[in-house]
K.L.:
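Dumping the structure here so I can ask a few things about it.
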Amino acid sequence: MAARIALLKYLRVEARPVQLRNPRLIGGSVSQLFKRHFSEEVRGSFLDKDEVRDRVINVVKNFQKVDPCKVVPNAHFQNDLGLDSLDTVEVVMALEEEFGFEIPDNEADKINSINLAVDFIASHPQAK
């Protein structure tokens, strides 16, 4: 029950009526009548993508088997950095530790570059 309440707290949205320029416009979609605003709490729960990129690059540069000179925002773990699949798993685990949340195995398997890691982490509400 507590998990449900916590989830609903993050999904709550506020609906406000919008002033229509043409009051005769009665038909149309609901989006014309109501403007949805996410609450400040939800809006502020995602990390800034630039900050995430910097932190991911820092984690990858500090990985033992990586040459820091080769680490760029669009670097592929295997093709550009020479990591094998086990090394990639270790990098993802280091990212989990850095950002304070667990990445599910099915998603972790898809993360094979810095850009994919940044996109996933920046879009995850539990990332800290």
K.L.:
What is the minimum heavy-atom distance between A108 and I103, and which atoms define it?
P.N.:
N-CG2, 3.7 Å
K.L.:
Can you check whether D54's main-chain N or O pairs, donor with acceptor, with N58's side chain at less than 3.5 Å?
P.N.:
no
K.L.:
For residues T88 and I111, report the shortest heavy-atom separation together with the two atoms involved.
P.N.:
CG2-O, 3.7 Å
K.L.:
Begin from the C-alpha positions of E107 and F120 and carry the test side-chain contact (heavy atoms from CB on, under 4.5 Å) through to its verdict.
P.N.:
CA-CA 9 Å; E107 294 296 329; F120 180 79; 3.7 Å; yes
K.L.:
Tell me whether I57 is reachable from L83 by hopping between hydrophobic residues (I, L, V, M, F, W, Y) whose side-chain heavy atoms are closer than 4.5 Å.
P.N.:
yes
K.L.:
Test side-chain contact (heavy atoms from CB on, under 4.5 Å) on K49 and D119 and set out the steps.
P.N.:
CA-CA 8 Å; K49 200 167 187 173; D119 291 342; 2.8 Å; yes
K.L.:
Tell me the closest heavy-atom pair linking L95 and A117, and the distance in Å.
P.N.:
CD1-CB, 3.9 Å
K.L.:
Are L116 and V92 connected into the same hydrophobic cluster when the rule is that any two of I, L, V, M, F, W, Y join if their side-chain heavy atoms are below 4.5 Å apart?
P.N.:
no
K.L.:
Same cluster or not: are V66 and M93 linked, directly or through other Ile, Leu, Val, Met, Phe, Trp or Tyr residues, by side-chain heavy atoms under 4.5 angstrom apart?
P.N.:
no
K.L.:
Which residues satisfy the side-chain hydrogen bond (donor to acceptor under 3.5 Å, both in side chains) test with E51, sequence neighbours excluded?
P.N.:
R55
K.L.:
Just jot down the salt bridge (Lys or Arg N to Asp or Glu O under 4.0 Å) partners of K65, sequence neighbours excluded, or say none.
P.N.:
D87
K.L.:
Are F63 and E90 side-chain neighbours, meaning at least one heavy-atom pair lies under 4.5 Å?
P.N.:
yes
K.L.:
Sequence neighbours left out, cut at 3.5 Å: what donor-acceptor pairs do the side chains of residues 70-81 make with other protein atoms?
P.N.:
unit_1	atom_1	unit_2	atom_2	d
H76	ND1	Q78	N	3.1
H76	ND1	N79	N	3.0
D80	OD2	H76	N	2.8

